[in-house]
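Worksheet for the structure shown next.
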Amino acid sequence: MRLSGRTSLYGVIGYPIEHSLSPIIHNAAIDALGINAVYVAFHIKPSMLKEAVHGMKALGIKGFNVTMPFKNEIISYLDKLDEEAALVESVNTVVETDGAFVGYTTDGIGAFETLRSIVNNFDGLHIVVIGAGGAARALVYRLSMIPCRITILNRTVEKAKTVAGKFSSLTSNAKITYGSLSDSDQRMIIPKADIIVNATPVGMTIPGYPISPSLIDRSHVVFDMIYWPTETQLLREARLRGAITINGLPMLVYQAAYSFKLWFGIFPPLDLMFKVAEEELLRHG
Ligand SMILES: NC(=O)c1ccc[n+]([C@@H]2O[C@H](COP(=O)([O-])OP(=O)(O)OC[C@H]3O[C@@H](n4cnc5c(N)ncnc54)[C@H](OP(=O)(O)O)[C@@H]3O)[C@@H](O)[C@H]2O)c1
């Protein structure tokens with residue numbers, strides 16, 4: 001990477017941010033395509049988000065990713081929102097366009113492409129999404145365009161109800177229902193699911209299982225959005241019970257690739273992004 005007076009600056013904001021794989025993934029693609037840009041991680045204290053966004057605009061930053069805990073809060077500091085980001089109420093990508101910061105989300109397409117890498121056709125399938133936060137909503141939005149059945153299970157059942165109601169009102173394709181994480185709801189819903197998605201931090205920052213693993217069997221596909229650890233307790237137990245499992249690394253790479261496309265107008269080399277991300281995770285291990 002050769003920096004010059006014309007190098008454009010991109011990055012990711014989060015708190016904490018030092019373990020982010022995004023700089024490695026994006027700089028590998030930037031280099032491979034010979035783009036005069038650099039992508040760096042910015043550790044932003046939550047109390048400084050507004051100042052950070054103003055500062056980024058003043059510095060002429062061309063685009064950035066947004067990660068935890070800012071994906072919702074950042075919306076107040078942007079000039080414009082893409083329709084999907086507005087519906088999902090979450091932004092993971094900001095693009096500078098004619099001096100304005102425009103918010104997008106690529107988490108939904110990232111999660112959807114991950115599932116599509118193992119499931120060809122979702123028509124008629126029952127997908128259980130655990131969680132009702134930004135990542136869950138982003139996936140539910142994408143799935144809601146398909147004639148499938150979606151059940152949102154969340155610790156705070158009111159949130160699951162709100163999300164199910166909102167996306168139901170936007171689609172005539174998917175049937176969207178909701179429940180809690182109570183034992184009885186789990187016992188009623190999980191065994192009938194085709195695909196189970198964990199969109200909570202349980203298994204990453206919070207140890208344990210988001211649902212009872214004893215309800216999982218070989219008929220299930222289990223997708224955990226977490227990529228570190230590379231195999232959560234949920235995925236391990238699901239694999240031992242014969243389920244098909246997939247972790248959050250493909251989602252990370254796909255969402256990055258779609259952010260890249262928004263910034264540079266060109267789809268980056270996915271294989272390279274996967275390779276550098278996997279190598280970096282191995283190094284962590
Ligand atoms: N692989 C990727 O590229 C990628 C991208 C985005 C997100 N993710 C992962 O997806 C997960 C969710 O992210 P997010 O942005 O949607 O977060 P978020 O908006 O903060 O939502 C978190 C969700 O997890 C639930 N939750 C939190 N702690 C819980 C607990 N102890 N037990 C049960 N449920 C709990 C919350 O339930 P309540 O409503 O009850 O609080 C909420 O539904 C994180 O692990 C994140 O790392 C991965």
Side-chain angles (χ1 to χ4, degrees), residues 12-17 19-26 46 65-75 85 88-93 103-115 117 128-142 151-164 166 178-183 185-186 196-213 222-235 245-260 270 273-274 277-278 280-281:
V12 54
I13 62 169
Y15 180 89
I17 198 67
H19 296 300
S20 172
L21 297 180
S22 296
I24 283 160
I25 295 174
H26 282 289
N65 283 126
V66 183
T67 188
M68 293 215 287
F70 302 130
K71 287 184 179 186
N72 177 263
E73 197 189 339
I74 185 119
I75 290 172
V88 165
E89 295 174 60
S90 178
V91 163
N92 80 334
T93 307
Y104 296 81
T105 179
T106 64
D107 279 339
I109 184 104
F112 183 68
E113 289 293 323
T114 301
L115 281 177
S117 67
V128 172
V129 178
I130 308 157
R137 295 194 300 270
L139 176 59
V140 169
Y141 171 75
R142 286 276 163 174
T151 304
I152 303 162
L153 296 184
N154 197 44
R155 178 178 62 178
T156 310
V157 71
E158 276 307 312
K159 274 196 212 165
K161 183 180 177 185
T162 305
V163 175
K166 176 174 185 174
Y178 68 92
S180 72
L181 285 174
S182 68
D183 287 349
D185 278 11
Q186 286 192 38
I196 300 163
V197 181
N198 178 34
T200 79
V202 180
M204 181 178 62
T205 46
I206 303 155
Y209 302 95
I211 52 163
S212 170
V222 182
F223 165 33
D224 198 327
M225 290 189 181
I226 294 168
Y227 58 85
W228 185 257
T230 51
E231 187 175 58
T232 57
Q233 283 178 265
L234 175 73
L235 286 191
T245 62
I246 188 156
N247 74 9
L249 188 67
M251 177 175 173
L252 180 79
V253 170
Y254 285 121
Q255 63 78 31
Y258 283 94
S259 298
F260 193 100
L270 267 181
M273 284 183 152
F274 268 104
E278 278 160 7
E280 188 60 17
L281 279 181

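We count ligands from 1, going down the list as the structure has it; atoms in each ligand are counted the same way. Model, not experiment: these values are computed from the prediction.
In T200, the parts holding a heavy atom less than 4.0 Å from any atom of ligand 1 are both the side chain and the backbone. Residue-level proximity to ligand 1 for K71 is carried by the side chain, the only part with a heavy atom below 4.0 angstrom. Both the backbone and the side chain of T156 come within contact range of ligand 1, each with a heavy atom under 4.0 Å. Of all the heavy atoms of K159, the ones lying under 4.0 Å from any atom of ligand 1 belong exclusively to the side chain. The proximity of L252 to ligand 1, defined as any non-hydrogen pair under 4.0 Å, involves the side chain as well as the backbone.
Residue, atom and distance of the protein heavy atom nearest to atom 29 (C) of ligand 1 are R155 NH1, 3.3 Å. Residue, atom and distance of the protein heavy atom nearest to atom 47 (O) of ligand 1 are M204 CE, 3.5 Å. Considering only non-hydrogen protein atoms, atom 21 (O) of ligand 1 sits nearest to G133 CA, 3.4 Å. Looking only at heavy atoms of the protein, atom 36 (C) of ligand 1 is closest to N154 OD1, 4.0 Å. Counting protein heavy atoms only, atom 20 (O) of ligand 1 is closest to M68 SD, 4.6 Å. Counting protein heavy atoms only, atom 27 (C) of ligand 1 is closest to P201 CD, 3.5 Å.
Listed by number with element, the atoms of ligand 1 under 4.0 angstrom from any heavy atom of G131 are 43 (O). Using a 4.0 Å cut-off to heavy atoms of I206, the atoms of ligand 1 that qualify are 28 (N), 31 (N). Remark: ligand 1 atoms within the under-4.0 Å shell around heavy atoms of Y227 are 1 (N). Atoms of ligand 1 lying under 4.0 Å from any heavy atom of I226, numbered from 1 in the order shown and given with element: 45 (O). Listed by number with element, the atoms of ligand 1 under 4.0 Å from a non-hydrogen atom of A132 are 43 (O). Counting the atoms of ligand 1 from 1 in the order shown, those under 4.0 Å from a heavy atom of G134 are 16 (O), 19 (O). For ligand 1, the atoms lying closer than 4.0 Å to a non-hydrogen atom of V202 are 29 (C), 30 (C), 31 (N), 32 (N), 33 (C).
Here E231 contributes atom CD and T245 contributes atom OG1; the two are 6.0 Å apart, rounded to the nearest 0.5 Å. Rounded to the nearest 0.5 Å, atoms CZ (F112) and OG (S117) are 11.0 Å apart.
Sparse packing is recorded around NZ of K161, with 12 or fewer heavy atoms of other residues, nucleotides or ligands lying under 6.0 Å away. Open room surrounds OH on Y178; 12 or fewer heavy atoms of other groups in view lie less than 6.0 Å from it.
Side-chain polar atoms of N65 and S259 form a donor-acceptor pair below 3.5 angstrom. In the model, D185 has a side-chain atom that pairs as donor or acceptor with a side-chain atom of S180 under 3.5 Å.
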Check against side chain to side chain contact (heavy atoms under 4.5 Å, CB included), D107 and K71 = CA-CA 11 Å; D107 279 339; K71 287 184 179 186; 2.7 Å; yes
Could you go step by step and tell me if W228 and H19 meet the side chain to side chain contact (heavy atoms under 4.5 Å, CB included) rule?
-> CA-CA 10 Å; W228 185 257; H19 296 300; over 6 Å; no
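Q255 contributes no side-chain N or O that, together with a main-chain N or O of T106, makes up a donor-acceptor pair within less than 3.5 Å. Under the 3.5 Å distance criterion, the side-chain polar atoms of R137 are matched with a main-chain donor or acceptor of E89. Between the side chain of E280 and the main chain of I24, no donor-acceptor pair closer than 3.5 Å is present. For the pair N154 (side chain) and A132 (backbone), a donor-acceptor distance under 3.5 Å is present.
Atom 14 (P) of ligand 1 has its nearest heavy-atom neighbour, among P207, A135, P250, P69, in A135. Of the listed options A256, A199, G110, S90, A199 places a heavy atom closest to atom 23 (C) of ligand 1. Nearest to atom 5 (C) of ligand 1 by heavy atom, out of M251, Q255, M225, is M251.
Under the 30°/60° scheme for interplanar angles, the aromatic rings of F274 and Y254 are found to stand perpendicular.
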